[in-house]
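Taking it in order: structure first as structure tokens, then the write-up.
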Amino acid sequence: MKQSQCLKLFAVIVSITVGSSHVWATGPRVTQALLSPSENQIYTDDFPPFSSTDISTGGFAAEIINTAMKGAKLDFVQTTLPLQRMVKFYLKQEGALAIYGRHLSFTKKENKNLIYIPIVVNTEKYFYYSPAHKNELTWTGNLKAFNSYTYGAQTGENTDKYKKAGVRVQYGRTHSLLKKMITKKVDFISAPDINMQWMIDKYFLTEKDNIKPVNGFSKLEALSVIFNKRHKQGALAAKAFKKELAAMVKDGRYLAIVKKYAQAKDKPVNYVKRLANYNKSSNR
Amino acid sequence: MKGLYVAGMLFLYLYTPLAFSSTEIIKFGANESPPYWSSMLEKQGMCGEIMHAISKVANLKAEIEFTPLKRLIDDDNNNDLGNPEFYMKIQEFASIVPIAIYRVNVVYYRPNHKEEIKISSLDDLKGYKIGVIQGVLTEQAYFKNAGITFETSYTEDSLIKKVKRGRVDLVLSIDLVAQSSIKKLYPNEIGDFEFIDVAGSTSPIALMISENHPNAKSIGKEFSAGLNEVIKSGAYKRILEKYYGVGKIPNGWFDELNKFQRLYDFHSE
């Protein structure tokens, strides 16, 4: 290659590198929400693979919601925010149509104006960092057995039961909690299996074999869309959404979405069964 | 005498750290994004000026280190400047203080179009070729299905040149960034470029203090109080008008800023 060609190539590489390094902060984020002046805003926080700006479809839960809302012919825009507290802000102070995400708790009074519709029921587990513990962590059925440990709670999570059991608590989001666990500042954290695997694969692949589930512990947690009755279309939208979701489960559209995201060890049909059982047990 | 000397040394030992704490330099990372943050501009750009004005009244010392954005995002231990959404995925901040806002505009070159262009929804973009900066386009499949065509460029200057030459019809851009580029490239044709404000496109520009920074929360509170002070004194408005022009601060600026201050108010938790 001639020297002039090398220089040209170098100039192109430099312009691309320098250009792309600063475009993000000066460029607009071009999303569906931009130029979509819909009054029906749905907000969630980053919770991969259920909702994430890193996933082209928006994520597992986002796709279920998109399909159900479109099927019900409801106009809407979904936005993924970085923090859970921002999701609550948009519901309470900006009157969003609906929100979804983990650990979104409200007072009894606030709940009177909210309609919960479960869309996915997950298997949630405790995880720990094995190099920090000589012996495997095993669930004995009592949190007090973990009272010498520190629990990494999600910001906004209700941690009363941990505090009552004498477990120390540190707060953060999944990424920082995993980091704290690896640096031995936190002993165990809680997450849906599918969420933990996604985070490990994306950010902590070298620690894959060291992050292990606590033996003998798993519980079911429902992820619900929470419609806002104070929004002028809230109650009607919730009703139409629920009806369309039931139709999706029946005609296989729900299962088709699950198949895109479910882990190999968790059969897609289990998601359908868990949602049906959850609805049955809670008379929804 | 010896006792007095020891007492004096003890006094210095105990109180010197306090005296130094007010002169501690708080380092922030920013990436070159003129005219908001730039090492090339006087007082480091519009937001640089705001930050230094706040620091002065709050009796804090803040410095900006200019670094490529990817490095700033990957560093999950530093203090950052800019739109918090770029940084928050993998970093926890003890305090986020929004100090300004920016908006997305649709820019077009009037002589290339017989009629005025009106854009109020995504549908209005159909039929136009739209220029955007490389990397800002998400949900590409959605836009493709919606029949909206984009062309990307690596720099704002390139987009502005393309829209003038008619290679693209519209450019989606940040208001001041596009204005700054037009002023530089076509200073005699500024009036030929039309700007359409995109409703609901406002984002915050903030000072972000890492949860690992000593006294992060109290520093954040001092910056917030300093911001209120410079707004009250009129110094803040004067800085904005230097960049936007006198009387040309975008409508609703202070309401939007206030909304972002409430949104990122971690201290009330």
Side-chain angles (χ1 to χ4, degrees), chain A residues 12 15-38 41 45-46 48 52-58 62 66 77-83 85-90 92-94 155-156 170-180 199 202-203, chain B residues 30-34 36-37 68-73 76 82-92 102-106 119-122 124-125 132-143 150 153-156 158 172-174 177 198-201 203 211 259 262-264 266 269:
Chain A
V12 169
S15 69
I16 290 170
T17 316
V18 173
S20 58
S21 72
H22 81 255
V23 291
W24 282 83
T26 55
R29 277 177 60 77
V30 184
T31 63
Q32 287 181 52
L34 188 70
L35 277 162
S36 301
S38 173
Q41 298 281 349
D45 60 342
D46 203 66
S52 174
T53 49
D54 285 336
I55 301 168
S56 61
T57 57
N66 282 340
V77 172
Q78 274 202 65
T79 304
T80 303
L81 301 164
L83 292 181
R85 72 180 306 280
M86 295 164 90
V87 176
K88 287 173 94 170
F89 174 94
Y90 278 104
K92 288 186 191 177
Q93 298 199 35
E94 302 278 309
T155 311
Q170 281 201 27
Y171 295 90
R173 285 171 293 140
T174 311
H175 184 277
S176 71
L177 292 177
L178 271 164
K179 226 175 81 179
K180 282 177 182 172
M199 292 298 291
K202 168 105 178 161
Y203 298 109
Chain B
N31 72 311
E32 278 290 339
S33 38
Y36 296 97
W37 308 102
L69 188 68
K70 188 165 185 326
R71 268 171 56 195
L72 291 176
I73 292 171
D76 54 7
N83 181 349
E85 290 202 19
F86 290 115
Y87 303 94
M88 292 172 76
K89 194 158 272 184
I90 62 163
Q91 185 170 359
E92 303 277 349
Y102 67 83
R103 285 187 182 178
V104 177
N105 278 191
V106 176
I119 305 285
S120 58
S121 73
L122 277 177
D124 296 333
L125 294 178
V132 290
I133 290 277
Q134 178 81 27
V136 301
L137 194 58
T138 61
E139 302 160 341
Q140 294 195 30
Y142 172 84
F143 289 114
F150 290 97
S153 285
Y154 282 107
T155 65
E156 189 71 25
S158 163
L172 273 177
S173 181
I174 302 299
V177 177
V198 176
S201 67
S203 293
E211 68 167 358
K259 183 185 123 181
R262 286 183 287 126
L263 188 60
Y264 287 101
F266 301 166
E269 283 179 345

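In what follows, chains are A, B, ... by sequence order, proteins preceding strands, each numbered from 1. From a predicted model like this one, the values you see are computed outputs, not experimental measurements.
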* To do: Could you give me the CA-CA distance, side-chain angles and deciding distance for B:M88 and A:D46, then say whether side-chain contact (heavy atoms from CB on, under 4.5 Å) is met?
  => CA-CA 10 Å; B:M88 292 172 76; A:D46 203 66; over 6 Å; no
* To do: Give the C-alpha distance, both sets of side-chain angles, the deciding distance and a yes or no for side-chain contact (heavy atoms from CB on, under 4.5 Å) between B:E85 and A:T53.
  => CA-CA 11 Å; B:E85 290 202 19; A:T53 49; over 6 Å; no
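Only the side chain of B:E211 has a heavy atom closer than 4.5 Å to any heavy atom of chain A. Contact of A:K180 with chain B is made through the side chain alone, with heavy-atom distances under 4.5 Å. At a 4.5 Å heavy-atom cutoff, the contact between B:D76 and chain A is made by backbone and side-chain atoms alike. Contact annotation for A:K88: neither backbone nor side-chain heavy atoms come within less than 4.5 Å of a heavy atom of chain B.
With hydrogens and angles disregarded, no donor-acceptor distance shorter than 3.5 Å links the side chain of A:R173 to the backbone of B:I90.
With a 4.5 Å cut-off on side-chain heavy atoms, B:K259 and A:Q93 do not count as touching.
With sequence neighbours left out, the side chain to side chain contact (heavy atoms under 4.5 Å, CB included) criterion links A:S176 to B:E92. Looking at residues two or more places apart in sequence or on another chain, you find no ring pair (Phe, Tyr, Trp, His ring centres under 6.0 Å) involving A:Y171.
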